Each structure stands twice: as structure tokens, then as C-alpha cells.
**Q** 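There's a structure below that I have some questions on.
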Amino acid sequence: MNLRGPIVSVGEARTVSTSYGERDCREVRVRPDRGAGEPVDVTLWGKWTETAEHAETGMELLVTETEEDEYRGEVGYATTDESWVVLEPDFLVDVTGIRSWVQCPRMYYLNKLSGIPLNYPVVKGTIVHEVFGDLLRGVDLEASIADRVDEAGLELGLLGYEREEVEDEVRRNAAAVEGWLAQGTLSDEDTWRSEFTLISPTFGLKGRADALRRGTPVELKTGKNTKREPRFHDKVQAACYALMLDERGVDPDIGTLLYTKNTALDRNEESGDLAPAKEFTVGRGFLEFVVRERNALAAMEWRALNDPGERPTVPTGYEADATCSYCFEQDACMVVSGRLDQESKAGQIGTPVPDEERDYFDRFYTAIEEERRETHAEYRKLWEQTPEERAADDRALIGLEPAGQTEIDDARWELRARKPGDAVSKLREGDVALASDGDPVSGHAELGRIVELGGDEVVVEADEPVELRRLDVYPSEISVDRSLTALHDAVLKGNEARKDVLFGRREPAFRDPADRSTGSPGPADPDAPEAYIDNNDAQNEAVELAVDAEDCALIHGPPGTGKTYTIARTIRALVAEGNRVLLSAFTNRAVDNALEALRDQGFDDVLRVGTETGVRDDMRDVRLVQRGDPNAKAAELRDAPVVAATTAACGSRVLRECEFDVALVDEASQLTEPGTHAAINRADRFVLVGDHEQLPPVVRAENDLSTSLFERLIDAYPEASVMLDRQYRMSQRIQAFASAEFYDGALRPATPEVAGQTLADLGVDPDALAPELTGGVGFVDPAGERDGNRNVREAERVAAVVDAYVAAGVDPDDIGVIAPFRAQVAEIGRRTDVTVDTVDRFQGSSKEVIVVSLVATGDLDGPIFEDHRRVNVALTRAKKQLTIVGDADALGFDPFYARLLEWARR
DNA sequence: TCTCTGCAAAGAGGA
């Protein structure tokens, strides 16, 4: 039987005489059934005692195939020859992580911290892998090479490579693959499968095998290996895939490594076996070694978060016997050790960063790793929840009926399926999702992009064909990984002047306005216009502040205050002074909105970096296509005066190669500090635009990530900020509450017209409506009952209110409904055709008439009501009429909501 | 049961 649960205590190591001779063993006491059962002892025999050395109280332990055994008169359990022992199985280690861990645990840590930068061997390696996959799919070699090199145009250009030389090199590598494939092994194509995604709940592993041949893993390496044996860590990587296949009952006995630089031409007797393919036996002992190494890694990661020590546990390099002088990462290793004052086998270079920076690094490192655990918890739901639970959780579309797999351009596949009419989920067009044959964990699953999700059909694009029966939200670690590299870059590579400001050692500096260059408004040029923006003092001041900032400027933009317009004007002013500007924001939508404003002001010399589906249709014409001639592509990116991308994209390999004078970040109050660093690391100066009285960053774990850099800096340096104080959206009556509660009464309507707008302006006769639905702000109490996150009666009443507005002559397109919960959004959505959405999704937009459904009855317990910033967003979306539907009694229990009620009923 | 947007990911190498 399998035993699984948290460790209660770890016993002493012992050596026991058995009928097999002297054997090591060690007892570990666990609370089985994930902590629900009574503690029992498990005896770990033989080499599993090495895993016991890493075990600590509180870690989760899984032992499979145990047998009952008696020790000191107590019934316990023990490992058998069939047992696997897994520490922290919920921590999903990537196979490439194990590979570098086995080389040197510190290399694993460094790769995680600093990311893999853009470099030629990796780009070339990726191309050769793609070509390998194409060959297995039967694509013509020359066509594949030309296509794959073309696809990597931008990256190759940035690295200074010409198309022909890369094609030649890829051709040489591919020849080895082709030669091997030609040796008869490919006669039956069915025994091949390229790019196989594997997730292992038992071993806590995930990864993607290059190929499977007759159920055995094949790994492609674009290097040379003149030894008879494959490199050890390459074998470890292939063995990881073998292990995961083993879990699926495939039981591979060999693994193959294909070294593509080994060609027949190089063959010479002295250097040994230069054939590209090297097979090796995957024995039980080797697989156990791989599991033990994974356990050591998982234990280190556990200690980094759970050890009571002041600083996170970090590998030193002494754990392995690798020689530092041979290591390519030696310099990076020493620099990191030196800057963070870490113990390391390679030694240290340079002076440690000041204490406050090290504390900052440690705090955020821990916070990001906590976020990683939350992502792993999302993975766990893939196998712990039934498909029905997943669907009920809105995290999967199930019950799909395959309706065709078609090969399209670039050797990709278009998967179609019919979906049940009522199926809803948080999946949307353009999302990356896990497409599977019904079981994403032990069945066949591929990562793909959702192309179409309307009506009764789903269309997904993937590298490999899949019988599309289920589509799951994919819990990607990419934002976690990019946060870590952004943190690394900010603290270890950031310049000192920048860090002085970030760490409170110096006030942000601003140049004398007299130094503004000619052509810009201001004292330097008497003929220039008097102001950047002549009808709004705060907006003009914001542009001036941003233009004069020598470190940073902070623009605080409450709802409707013309934030986007100001951003566009600021960028134009910065470019006019010769600056190269990076425009960024958390969401694609905000990036495109800012870009739209910029283009509306007549500035079109922009480059949008982002995925095809992420970029809005009307910005496609300025989108950077990465495919093409290397030099032309690199020039396109390097020469653009304005580059626009999400902060996630700013952390990508390509944009990490770029430099800017100024980074301007919109929606900065919704970004974590590392998320903000990803953008501002790229520039000398930065401008943050946001409103910390609206929604904060979305993070799963409550920690340092919950506060934005924008908020921290605006508190620390109020004089480096400007608040836009005139709003162009809401009537006087609507804005009053938000202004008083969130902006100290400083928010005012920009014009009398804005202040005085009413429903009558829409051609509606207010007398045709019930009094509580008119007058700018109203309150309706339907006496409903909250049921989970829904309130059916309230939903009915909301729909009736919407109907009343429509009947009175309001255009349905001018009405929006906002609810705090997705469940209530769905409930209301069933009853009306107008736009219904959550508060979070409504941020950034507005409607003439807004109806808010509060859902809560009885009391206002629950995190969603405790964050008043969310209420601020909900109440500031309406221009002419805001109608709040909710339970008056519940609101009365909380002073804030009581004031809200009083205002709404006045 | 609170809210949820980004992201293909994995990709190399010498004594």
C-alpha cells in the first residue's frame, strides 16, 4: 500500500544485520492520509536512508508499495524492492532542473535566479530541436531548416548572426539526425512520437520529452560527445522521462541520447565512438538515484521557505563534486555569492550589497517562491479534482467531442471539438491551455493556444495532434520565473543611483525646467507653446514632472482623470527630447489603450512587442513579427523610438537585450515590485502611472508581493508625484463618495457639463422610472438571500432594473452590470443581454449607466468586501446613473458601507 | 470556494 502524509519525526540512522547482510535503515514517523490518520513509522531501507537525511518534520512524504512490519513491538511499515520514496511530491520539479541540479545544485539555483539569457548555442539548439520534430513528422529537411531559421530571425539578428551561416550549421546537425533516422528505425512511423508533455503526481516531476521511440525516451543534444558513454546529466534527464513513462505503465528499459555534432566525417579511432546516437540501459538503480536527487532538490526548496533561519536556504555547490574551474557559470556564481554574501564553493567576487538590499532580496525571493507553491497547487487540482469538479471550478472545458485534427502551416496542428452548449470556463480565446484526450495527467496532453471559443466549437492550435476531449487552464510558472530574474537584475545588476532611490537613501532628483531642450514647452524656448497640455494644470504638471525626472516620476490617476491621454502626451514629449521610450503595463489591454491614445495624437512611430493573439487587432500593423531576415528584424527593434509591451514580455529574453532612456509603466498599482522591475530594469529613468486606491496586484499568497512599487514610492516620495484631480467621467453626485472616501475630497469634475450630466441627456424621461432608479445614484433592496457567491433574487432584481432602463429608452450598450463574484456574474448574465462582469474585469472602462450587485446579505464577511479599493472601482464606472442593488441591513454593520448606503439613498 | 492576467517551453557546453 501507499503511505502519504506530513512527517512527524525522523529517527536515527541504524545499521541492521539481515539475511542479506548488513543494511542501513531509518525510521520516519508520518501522519498518513495527508495528516488525517494516526502517526505510524515507516522504515526506509538501503539507499532511501539518503532521502531520510534530507527529511524534516513538516515535510510531506510519500512511500509507495510498503509492507507491514513490526519494530519495537509496534506495527509499522517498511519500504520494499518495489517502493519509491518521494519527498514533497506536490513540489513539481522541472526535468531540466534535475539535470542542472545533478551537475551542481548551485547551477540549478543560478539558472533559476538569473534566467537563461539570449545566447547562440541555445537559439541554435532550439532550431535543431524544431527541425528534429519536423523530420519525425515527415517534413522535407531543407524546407524545415529554411522555415525554422526564418522563425528565429529576430533572436539571431540580435545575436549578430546571418541566416546562411545558421542554416549551414543546422544542416550539419540535422544530417546526424537524418543519418540515424535512415538506419531503418523510422520504417514504422507509428512507434515515434515527438515532443511529449509529461506530468508526474507520484514523483513530483514535469517536463517535455523530445521524442519517444517505441515507448523509450530520446533526447536530442546539439553538442559533441566524444566519449563512448552519454554525459551523465544527459542520462539523468532521459531517465526522468523514463521514470514518468514508468508511472504510466510503459516501463522503458533503454534511453537514447542523440549528439548531433557527432558526424561520420569526424569519426576517428582515437576519440572513441562518434556515432550520434548513444543508447544506455535504464535500470531500477539509476531511476532510484534520480528520485533521490529530486528529493534532495525538493527538500532544499522546502527549507528555503520553512527553515526558521533568517535567510532562505541556498545551495553552496559543496553538495556536488563538480569542479568549479570547468564550469561555464563560474563567474556568475562568484558574483552572486559576492553580492549576496552567500557561502559558495566557487568563492566570492565583489562587495556585498547593503543590508537593506539583501533583506529586500530575501523577502521577495521567499514571496516569489511562495507564489510558485500556489502555482503547483493549481497543478495538483489537475489530478485531484474530478473532471466535473474542474469544470464546476471554471478551470476546464470537459465533455468535448473531437471534430477533426488538421495539419496546418509550420507543421502545427489545428484541433477542433464540439462543446456542450452550456459549457463556461475562465478560458478565453488566445489563452495557452492544456489540450488533452480527456486525462491531462496520465493520458495524452499537449500545450496549445485557443484560437476560437465561440458558439458550440473550440479550436486549438498545437504542435502535435491530440484527440481533443478536454481543455484545462494551464498553471504556468512563467510569471514566477520572470519575477525572479527581474528581482535578480534589479538588486544585483541595477545601478547604484537607481537603488539609492528604491531603497530610500536618496530623494528622486529633477532637472531644472530651464534645461528642457528646444522644441518643448518651458523656459528654454520662448516660442514654444506655454504648456504641454493647456486646459488641465495637473495633467500638464504630470508631463513636466515626467520629462524633468532624473530618476523617476509618479503619476496618480484616479478614475476618469485622463490618465491615458496624459501618458500619450508624456511619451511624445520624451521622444521629442530624443529619448527612446519603453511603454509597458500589466495587461495587453492597457498597453494597447495607451498605444491607441498615442496614435490618436498623431504619433505612429511605435513598435508593439507581443504574441499574435495578445495584441489587439487594430495594433497588428505595428506589431513586431519575429520571423524574417535577422538583420532587418534586429534593426526594427533596436531603432524604434517607442516600444510597447506587457511587463511579462519585458522580462522575455528578447527584451532583456534592449535598453531605453525611459520606461513608462501604466497600471503600475496593479503590479508587484518584481513585475515593475521587469519593465524599469530596461531603462535609465522611469515613470509609473496608476492609482493605489483601485485594485492591487493579483497574487495568490499574501506577502510582500501584495503591495505595488507604485504605492510604496508614492508614500515615500510624495513630492515626486502628481495627482490628476479633474475627472471627465462621472456626474458630481456619483463621484462625491469616491472623492471623499479615497481622494480626500480632491477629485473634482473637470467641467460643469461633466458635473451636471444626467439620464435625461440620454433622451430618457426620468419620470418613466421608479424614483430610486434616477437622480444619479440610487439604492434598491430586493430582500434576497446570499447562497454561496450567488444571490438569485438579487440577480432577478438586477435584471429587472436593467429592463426598466432599456424600457425607458437607454441603449443596452450604455448599460453595464458589476458583481463581486463570477458566480453572480453568470447568474445575472443568464437574465440579461447587457455587459455583466466582475469588478476586476471592469477596471479601466465605464458606461453611462451602471448597476452594481453586492450579493451579500446579513453581514459583509469575506475578503472581497474587506478590500474597499474594489468598491471604489465598482462605484466609479458610471457616468450618469449608478444603481446599487443590495441588502441595506448588511451594509449597516460596517461604518464604511454605512456611509456608502447613506450616500446612495440621499 | 474571492478577485485573475500574463506567458508556448525547453532550448548548450568541456575537462
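Note that the coordinates shown come from a computational prediction; the quantities given were computed from them, not determined experimentally. The chains referred to below are lettered A, B, ... by the order of the sequence lines, with proteins before strands, and numbering in each begins at 1.
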**Q** Which nucleotide sits closest to the side chain of Val432(A): dT3(B), dG14(B), dA9(B)?
**A** dA9(B)
**Q** Starting from P on dA10(B), measure out to CD on Glu155(A) and report it in whole angstrom.
**A** 16 Å
**Q** Identify which nucleotide among dA9(B), dG14(B), dG11(B) has an atom closest to any side-chain atom of His233(A), counting heavy atoms from C-beta outward.
**A** dG14(B)
**Q** Using heavy-atom distances to pick each residue's nearest nucleotide on DNA chain B, tell me which of Cys327(A) and Lys206(A) is more 5'.
**A**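 The residue whose closest nucleotide sits nearer the 5' end is Lys206(A).
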**Q** Could you tell me the separation between the CD atom of Glu827(A) and the C1' atom of dC2(B), rounded to a whole number of Å?
**A** 17 Å
**Q** Give the rounded distance in Å between these two atoms: CZ of Phe842(A) and P of dC4(B).
**A**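 Rounded to the whole Å, the gap is 13 Å.
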**Q** Quick one: Arg449(A) CZ to dG6(B) P, roughly how many Å, whole number?
**A** 11 Å
**Q** Expressed as a whole number of angstroms, how long is the span from Asp234(A):CG to dA15(B):P?
**A** 16 Å
**Q** Pairing donors with acceptors under 3.5 angstrom, does anything connect the side chains of Thr838(A) and Asp840(A)?
**A**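 No pair is found: no donor N or O on one side chain lies under 3.5 Å from an acceptor on the other.
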**Q** With respect to the side chain of Ile116(A), which nucleotide from dA12(B), dA10(B), dC7(B) is positioned closest?
**A** dA12(B)
**Q** Do Val95(A) and Lys206(A) pass the side chain to side chain contact (heavy atoms under 4.5 Å, CB included) test, and can you show the C-alpha distance, the side-chain angles, and the key distance before you say yes or no?
**A** CA-CA 6 Å; Val95(A) 169; Lys206(A) 63 183 161 74; over 6 Å; no
**Q** At less than 4.0 Å, is any side-chain N or O atom of Thr646(A) found next to OP1 or OP2 of dC7(B)? Yes or no.
**A** yes
**Q** Nearest-Å distance, CD1 (Ile127(A)) to P (dA8(B))?
**A**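 So the CD1-P distance, Ile127(A) to dA8(B), works out to 17 Å.
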**Q** Ignoring the backbone of Ala648(A), work out which of dA10(B), dA15(B), dG6(B) is nearest its side chain.
**A** dG6(B)
**Q** Closer than 4.0 Å, any side-chain N/O of Thr838(A) to the OP1 or OP2 of dC4(B)?
**A** yes
**Q** To the nearest angstrom, how far is Glu378(A) atom CD from dC2(B) atom P?
**A** 13 Å
**Q** Using a cut-off of strictly less than 4.0 Å, decide whether Asn588(A) has a side-chain nitrogen or oxygen near OP1 or OP2 of dC7(B).
**A**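 So the side-chain polar atoms of Asn588(A) do come within 4.0 Å of the phosphate oxygens OP1 or OP2 of dC7(B), strictly under.
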**Q** Judged by each residue's nearest nucleotide on DNA chain B, which is more toward the 5′ side, Ser325(A) or Gln237(A)?
**A** Gln237(A)
**Q** Among dA12(B), dC2(B), dA9(B), find the nucleotide with the atom closest to the side chain of Ile864(A).
**A**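 Looking only at side-chain atoms, Ile864(A) lies closest to dC2(B).
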**Q** What integer distance in Å separates His129(A):NE2 from dA12(B):C1'?
**A**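 Checked: the NE2 to C1' distance equals 10 Å.
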**Q** Taking the side chain of Lys221(A) as heavy atoms from C-beta outward, which of dC4(B), dA12(B), dC7(B) is closest to it?
**A**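 Taking heavy atoms from C-beta onward, the closest nucleotide is dA12(B).
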**Q** Checking side-chain polar atoms at under 3.5 Å, does Asp134(A) have a donor or acceptor matched by the opposite partner on Ser144(A)?
**A**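 A donor-acceptor contact under 3.5 Å links the two side chains.
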**Q** Is the Tyr120(A) ring parallel, tilted or perpendicular to the Tyr161(A) ring (thresholds 30°, 60°)?
**A**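 It falls in the parallel class, under 30°.
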**Q** From C-beta outward on Thr587(A), which listed nucleotide comes closest to its side chain: dG11(B), dG6(B), dA12(B)?
**A**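 Of all the options, the side chain of Thr587(A) is nearest to dG6(B).
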**Q** If you check every side-chain atom of Ser479(A), which of dG6(B), dA9(B), dT5(B) has the closest atom?
**A**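 Looking only at side-chain atoms, Ser479(A) lies closest to dG6(B).
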**Q** Side chain of Arg653(A), base of dG11(B): donor and acceptor closer than 3.5 Å?
**A**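 Pair found.
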**Q** Side chains of Arg608(A) and Asn588(A): donor-acceptor distance under 3.5 Å anywhere?
**A**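 A pair is found: one side chain offers a donor N or O, the other an acceptor, under 3.5 Å apart.
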**Q** Nearest to the side chain of Arg822(A), which nucleotide is it out of dA9(B), dG11(B), dT3(B)?
**A** dT3(B)
**Q** Of the non-hydrogen atoms in Leu582(A) and Cys650(A), which two are nearest, and what is the gap between them?
**A** CD2-SG, 3.8 Å
**Q** To the side chain of Arg841(A), which of dT1(B), dA12(B), dT5(B) is closest?
**A** dT5(B)
